[in-house]
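Computed from heavy atoms alone, side chains included, the values below leave out hydrogens, waters and symmetry copies. Because the structure is predicted, anything quoted here is derived from the model rather than measured. A, B, ... follow the sequence lines: proteins, then strands. Residue 1 opens every chain.
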Protein chains: 2
Amino acid sequence: MLIGELAERTGVSTRALRHYEDRGLLVPARNSSGYRVYAESDIARVAQIRAMIAAGLGTALIVRYLDCARGGAHGVHLDMCPSLRAELDAVSAHLTAQAARLRETRARLAHLSAA
Amino acid sequence: MLIGELAERTGVSTRALRHYEDRGLLVPARNSSGYRVYAESDIARVAQIRAMIAAGLGTALIVRYLDCARGGAHGVHLDMCPSLRAELDAVSAHLTAQAARLRETRARLAHLSAA
DNA sequence: CTTGACCTTGACGCCGGCGTGAACCCGTAA
DNA sequence: TTACGGGTTCACGCCGGCGTCAAGGTCAAG
């Protein structure tokens with residue numbers, strides 16, 4: 001599968017896919033013409049990446065997540081995951097705090113329009 | 001109060017304060033030398049602004065919020081607030097969704113390290 | 001007068017996830 | 001051959017909230 005087809009089937013732009021390769025998130029094989037050749041399983045991988053980006057994670061963190069996932073699958077680097085999970089906790093805490101502050105702001109707005 | 005003092009008392013950099021003026025969030029008076037002169041009440045206003053930025057709101061939206069607040073205090077523009085509140089709802093929904101996705105990601109991680 | 005702390009207005013840099021050309025190769029169909 | 005719809009690698013642009021010089025004016029103290 002070439003990049004155009006993967007883009008179409010995942011709904012992700014070719015530019016984004018190339019960007020993911022730059023960041024080491026999804027590195028495809030190459031054919032004799034230098035074209036990127038993707039596997040079927042890469043569709044799922046793209047979905048994973050998109051979900052994590054949508055969750056507010058940066059590509060640098062996602063790379064480590066994928067490494068952790070691969071390591072975990074082979075039973076190696078099991079001690080790397082906890083530190084990563086700690087980072088995810090931190091990001092999660094930030095989002096929670098932001099949501100709380102936003103709720104407070106909305107409360108003030110409601111108070112204003114009630115007055 | 002000059003900008004340095006306000007910066008010190010609020011913990012916000014002078015650069016940020018000037019930036020807020022550029023964005024129309026906090027426009028101080030000027031003395032004969034062209035120096036920015038802030039009122040005591042601006043300390044509270046800066047706190048407001050900081051809270052809203054921390055909540056993930058952009059300056060463009062915050063300007064409208066402040067206008068709405070002033071308008072609300074005078075009983076004018078009461079019809080502007082609802083649309084603003086809708087935008088706040090949208091931002092809030094985004095944050096909530098991100099938090100949910102992040103939880104999902106963390107769950108997958110936990111699943112991996114357990115396997 | 002000089003120093004030094006504080007103020008002024010530009011204006012460029014950064015980060016991050018891409019969009020958007022530019023300029024060029026590949027392979028197939030007409 | 002030509003055209004065309006793929007692909008390729010740079011490389012600059014954008015947004016947003018500032019950091020960080022740069023090049024000066026202001027003013028009280030020594």
Side-chain angles (χ1 to χ4, degrees), chain A residues 1-38 42 45-66 87 90-91 94-95 98 101-102 105, chain B residues 1-38 42 45-66 87 90-91 94-95 98 101-102 105:
Chain A
M1 174 174 26
L2 299 185
I3 196 171
E5 186 180 347
L6 181 58
E8 207 169 347
R9 293 175 66 181
T10 58
V12 176
S13 73
T14 60
R15 178 63 176 91
L17 293 175
R18 286 189 254 257
H19 178 62
Y20 297 158
E21 181 177 2
D22 283 347
R23 299 296 157 181
L25 298 182
L26 180 58
V27 182
R30 300 285 184 139
N31 68 15
S32 55
S33 304
Y35 288 19
R36 272 163 264 251
V37 178
Y38 294 90
D42 287 335
R45 182 175 283 265
V46 168
Q48 275 264 24
I49 293 171
R50 291 298 298 177
M52 300 184 73
I53 287 182
L57 303 180
T59 54
L61 218 160
I62 298 179
V63 167
R64 295 180 46 200
Y65 170 84
L66 293 176
E87 290 193 53
V91 178
H94 265 113
L95 288 181
Q98 284 184 344
R101 277 189 273 252
L102 192 48
T105 294
Chain B
M1 177 175 21
L2 299 185
I3 195 172
E5 186 180 345
L6 180 60
E8 207 170 345
R9 292 176 67 179
T10 58
V12 175
S13 74
T14 60
R15 178 62 176 89
L17 292 175
R18 286 189 255 257
H19 179 62
Y20 297 157
E21 181 177 3
D22 282 347
R23 298 297 155 180
L25 299 182
L26 179 58
V27 183
R30 300 287 184 138
N31 66 17
S32 55
S33 304
Y35 287 20
R36 271 163 265 252
V37 178
Y38 294 91
D42 287 335
R45 184 175 280 264
V46 169
Q48 275 265 24
I49 294 172
R50 292 297 298 176
M52 300 183 73
I53 287 182
L57 303 180
T59 55
L61 219 160
I62 297 179
V63 166
R64 294 181 47 203
Y65 169 85
L66 293 176
E87 290 193 54
V91 177
H94 265 112
L95 288 181
Q98 284 185 344
R101 278 190 273 252
L102 192 49
T105 294

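- At C:dT8, one or more side-chain N or O atoms of B:R18 fall inside 4.0 Å of OP1 or OP2 (strictly under the cut-off).
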What donor-acceptor contacts under 3.5 angstrom involve side-chain atoms of residues 24-31 of chain B, with partners at least two apart or in another chain?
residue: B:R30; atom: NH1; partner: B:G34; partner atom: O; Å: 2.8
residue: B:R30; atom: NH2; partner: B:E21; partner atom: OE2; Å: 3.1
residue: B:N31; atom: OD1; partner: B:S33; partner atom: N; Å: 2.8
residue: B:N31; atom: OD1; partner: B:G34; partner atom: N; Å: 3.1
residue: B:N31; atom: OD1; partner: B:Y35; partner atom: N; Å: 2.9

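- Looking at residues two or more places apart in sequence or on another chain, you find a side-chain contact (heavy atoms from CB on, under 4.5 Å) between B:R15 and B:S13, B:H19.
- The shortest distance between side-chain heavy atoms of A:V12 and A:Y20 falls below 4.5 Å.
- Taking B:Q98 as the reference, nothing meets the side chain to side chain donor-acceptor pair (under 3.5 Å) condition, with sequence neighbours excluded.
- The distance between atom CD of B:E5 and atom C1' of C:dA5, rounded to the nearest whole Å, is 15 Å.
- Atom C1' of nucleotide D:dG7 and atom CD of A:E21 are separated by 13 Å, given to the nearest angstrom.
- Taking atom CD1 on A:I3 and atom C1' on C:dC26, their separation rounds to 16 Å, with Å as the unit.
- Pairs passing the salt bridge (charged side-chain N to carboxylate O under 4.0 Å, His left out) check and including a residue from residues 46-62 of chain B, sequence neighbours excluded, do not occur.
- Pairs engaging residues 52-61 of chain B under the side-chain hydrogen bond (donor to acceptor under 3.5 Å, both in side chains) rule: none recorded [sequence neighbours left out].
- B:D22 places its CG atom 12 Å from the P atom of C:dT8, with the value rounded to the nearest Å.
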(message) Please encode protein proximity along nucleotides 11-25 of chain D as a string of B, S and -, counting only heavy-atom distances under 4.0 Å.
(response) B-----BBBB----B
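- The CG-C1' distance, from A:L26 to C:dC18, rounds to 16 Å in whole Å.
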